[in-house]
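One structure is given below, encoded as structure tokens.
In this chain, residues are counted from 1 in sequence order.
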Amino acid sequence: MTITQELTDPAYLGRMFGLLFLAMDAFQPLGSFIFGFVTDELGNATLLLVGSCFLIGLVGIYQGYQRLARRSR
């Protein structure tokens with residue numbers, strides 16, 4: 001959310017957050033459905049899977065942000 005605030009013009013922040021929250025709310029039932037099956041199959045290993053995906057996502061976001069920062073200089 002911080003990156004969104006930094007990269008979005010203040011006049012459009014409300015619209016941007018509205019769209020982001022709408023998208024998150026729209027995909028939440030799909031995520032619950034999928035992770036219901038994943039949790040049944042993997043059990044406690046689900047935490048390892050989710051944690052790994054989270055770290056990979058953070059690294060990707062960080063690298064993308066660094067590229068944007070270099071371009072804007």
Side-chain angles (χ1 to χ4, degrees):
M1 295 299 174
T2 302
I3 293 171
T4 302
Q5 287 178 321
E6 288 180 7
L7 297 177
T8 305
D9 185 78
Y12 298 105
L13 273 178
R15 295 175 191 154
M16 193 66 194
F17 281 119
L19 288 172
L20 285 174
F21 288 120
L22 180 66
M24 285 187 259
D25 287 344
F27 286 106
Q28 187 275 331
L30 178 64
S32 294
F33 180 74
I34 291 171
F35 274 104
F37 291 114
V38 170
T39 303
D40 287 344
E41 294 295 320
L42 296 178
N44 288 339
T46 305
L47 294 174
L48 181 63
L49 174 69
V50 171
S52 299
C53 291
F54 182 71
L55 287 175
I56 290 169
L58 282 176
V59 168
I61 290 170
Y62 178 76
Q63 288 177 346
Y65 183 71
Q66 293 300 317
R67 285 187 199 130
L68 284 173
R70 278 187 230 123
R71 286 182 190 169
S72 66
R73 290 183 198 164

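- Taking CD of Gln63 as the start and CG of Leu58 as the end, the distance is 11.5 Å to the nearest 0.5 Å.
- As a member of the Ile/Leu/Val/Met/Phe/Trp/Tyr network built from side-chain separations under 4.5 Å, Leu7 groups with Ile3, Ile61, Tyr65, Leu68.
- Only one option out of Val50, Leu48, Leu55 pairs with Ser52 in a side-chain contact (heavy atoms from CB on, under 4.5 Å); it is Leu48.
- Counting non-hydrogen atoms of neighbouring residues, nucleotides and ligands closer than 6.0 angstrom, the CG atom of Asp40 exceeds 12 such neighbours.
- Every residue was checked against the ring-ring contact (aromatic ring centres under 6.0 Å, His included) condition with Phe54, not counting sequence neighbours, and none meets it.
- Scored by the side chain to side chain donor-acceptor pair (under 3.5 Å) test, Ser32 finds Gln28 as partners (sequence neighbours excluded).
- Scanning for side-chain contact (heavy atoms from CB on, under 4.5 Å) contacts around Arg70 gives Gln66, Arg67, with sequence neighbours left out.
- Among pairs with a residue in residues 11-27, none fulfils side-chain hydrogen bond (donor to acceptor under 3.5 Å, both in side chains), at least two apart in sequence or across chains.
- When all heavy atoms of Ser72 and Ala69 are compared, the pair lying nearest together is OG-O, 3.0 Å.
- Applying the side-chain contact (heavy atoms from CB on, under 4.5 Å) rule to Val38 yields the partners Ile34, Phe35, Leu42, Thr46, Leu49; only residues at least two apart in sequence or on another chain are considered.
- Applying the ring-ring contact (aromatic ring centres under 6.0 Å, His included) test to Phe33 and every residue at least two apart in sequence or in another chain returns Phe37.
- Residues forming a side-chain contact (heavy atoms from CB on, under 4.5 Å) with Leu13 (at least two apart in sequence, or on another chain): Gln5, Thr8, Phe17.
- For Leu22, there are no side-chain contact (heavy atoms from CB on, under 4.5 Å) partners at least two apart in sequence or on another chain.
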